[in-house]
Amino acid sequence: MTDNDKSSETGEVKKVTKWFTSLMAERAWLEEMSLAGWFLTDLCMGIRYTFEKGEPKRTAYDVERFDLTKSPTRREIQEKSDLMAMASETGWRFICKDEGQNYYLAKDWAAEETNELYDSPEDRASRARQYGRMFSEKIHTILWLCTIIQGVGFLFWLLPQEDGSSGWFPVFVMIYTAVCLAFCLILLRWKRLYDRELRMSLEEWRFVYGKKDTVRKFRLIITLGGLERYLEKQAASGYHLKNMQVFHYTFSKGEAEEISYMMDTRYLTNRRRKRAGNSIFKDSRDWEERSNDWQVQSLMEAEAAGWEFVTAVESRNILYRAKAGSAVSLNESGGIRLTSAFGGMAMLMIKAGLIGGFIGALAGYFLG
């Protein structure tokens with residue numbers, strides 16, 4: 001999230017400029033504003049919020065979008081009316097919409113009721129797909145523009161030109177393409193963020209990504225054994241892992257405890273199966289190791305041994321924890337196996353380098 005607060009109050013109206021890259025963070029912030037007595041009334045360009053002063057109370061906010069496809073079906077055309085009617089029946093009221101066709105709804109918080117527009121995994125997944133489609137369309141448009149510019153550049157190169165007269169255009173094409181591709185990468189990352197977060201409830205999001213009482217740390221840890229020892233030391237200092245990426249760790253602050261951590265992988269799961277005389281998990285078509293067969297087996301064995309699931313990292317590793325001495329270890333402690341996607345990315349880079357070097361050597365031999 002990127003903030004840029006510029007508040008100006010006139011009477012009982014307050015305008016705030018704020019930019020969010022997470023809808024869940026935006027919803028949580030709007031709820032905090034309602035607790036302070038400020039209630040959303042309008043939104044401009046997705047960043048300029050208008051609030052009115054009122055009696056402080058907890059208000060739930062949710063967001064939906066209703067942009068149509070290029071060739072909408074009857075169901076898609078009717079979908080907005082049906083959902084808005086359903087929302088109204090359950091206490092939600094329409095507040096405003098922005099230029100990106102994001103519709104903002106609110107309702108008074110009710111402790112005994114559902115305080116989210118979507119309360120099932122299926123409905124949340126449907127909304128995540130809607131936002132994913134929005135990002136995909138933007139990416140496709142940018143890539144088509146890059147393709148057109150490249151085609152124009154090629155035609156420009158074919159036309160007879162005086163010496164040096166076309167030197168600026170290849171540079172323009174190169175810079176334009178680089179900027180567009182970089183923006184596509186940003187949109188892809190943004191799309192992944194939305195897809196991951198919108199499949200959660202707001203409470204689940206708060207637990208995993210909420211900033212209150214959390215600490216984020218960056219540390220280069222390459223081996224499984226090193227990671228387990230690092231997390232156990234953090235737990236002994238009162239920092240308990242909530243989520244992690246390759247070298248990015250999010251901890252919640254709590255009581256110091258003696259906690260044991262265990263990282264499991266497909267290799268380690270297969271090694272246990274071989275020792276038990278069972279077949280191993282092997283799929284020649286699963287190049288990125290995204291099949292969940294071994295993960296289901298790992299989860300079943302770990303929970304039976306007393307371990308609690310913490311997080312899965314890059315689909316290659318699963319991290320578990322348990323109070324020290326309360327769980328049976330599935331693998332030998334420590335080890336020098338690489339953690340997370342570090343090993344997979346390193347091998348991919350090595351393979352790409354070898355293939356590129358081989359092709360370059362052949363080109364140099366035959367064309368040199």
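If you read the sequence from its start, that first residue is 1, and numbering goes on from there. Predicted model, so just to flag it, every value in this text is computed and none were measured. Any value given below was found using the heavy atoms of this structure, including those in side chains, with hydrogens, waters and symmetry copies removed.
Between Y261 and Y320, the distance from one ring center to the other does not fall under 6.0 angstrom. Ring to ring, W29 and F51 are close: their centroids are under 6.0 angstrom apart. Checked against the 6.0 Å centroid threshold, F218 and F247 do not count as a close aromatic pair.
Checked against side chain to side chain contact (heavy atoms under 4.5 Å, CB included), D98 has the following partners two or more places apart in sequence or in another chain: L43, N102, Y104. Under the rule for a salt bridge (Lys or Arg N to Asp or Glu O under 4.0 Å), E232 has no partner lying at least two apart in sequence or in another chain. Scanning for side chain to side chain contact (heavy atoms under 4.5 Å, CB included) contacts around R93 gives T59, I95, A106, D108, with sequence neighbours left out.
Defined by atom type and a distance below 3.5 Å, a donor-acceptor pair is missing between the side-chain atoms of N243 and T250. Looking only at atom types and distance, the side chain of K242 has no donor-acceptor partner in the side chain of Y249 under 3.5 Å away. When only modelled atom types and interatomic distance are considered, S201 and Y118 share no side-chain donor-acceptor pair under 3.5 Å.
For the pair K217 and Y239, the cation sits on the ring face: its NZ or CZ lies under 6.0 Å from the ring centre, inside 45° of the axis. Both tests hold for R273 against F281: distance to the six-membered ring centre under 6.0 Å, angle to the ring axis within 45°.
Comment: R127 does not engage E64 in a salt bridge, judged by the lack of any side-chain N to carboxylate O separation of less than 4.0 angstrom. We find that R124 and D195 are not joined by a salt bridge, their nearest charged nitrogen and carboxylate oxygen being 4.0 Å or further apart. Salt-bridge formation is not detected for the pair K323/E258: no Lys NZ or Arg NE/NH1/NH2 atom is positioned less than 4.0 Å from an Asp or Glu carboxylate oxygen.
Not one N or O on the side chain of T114 forms a donor-acceptor pair closer than 3.5 Å with the backbone of E116.
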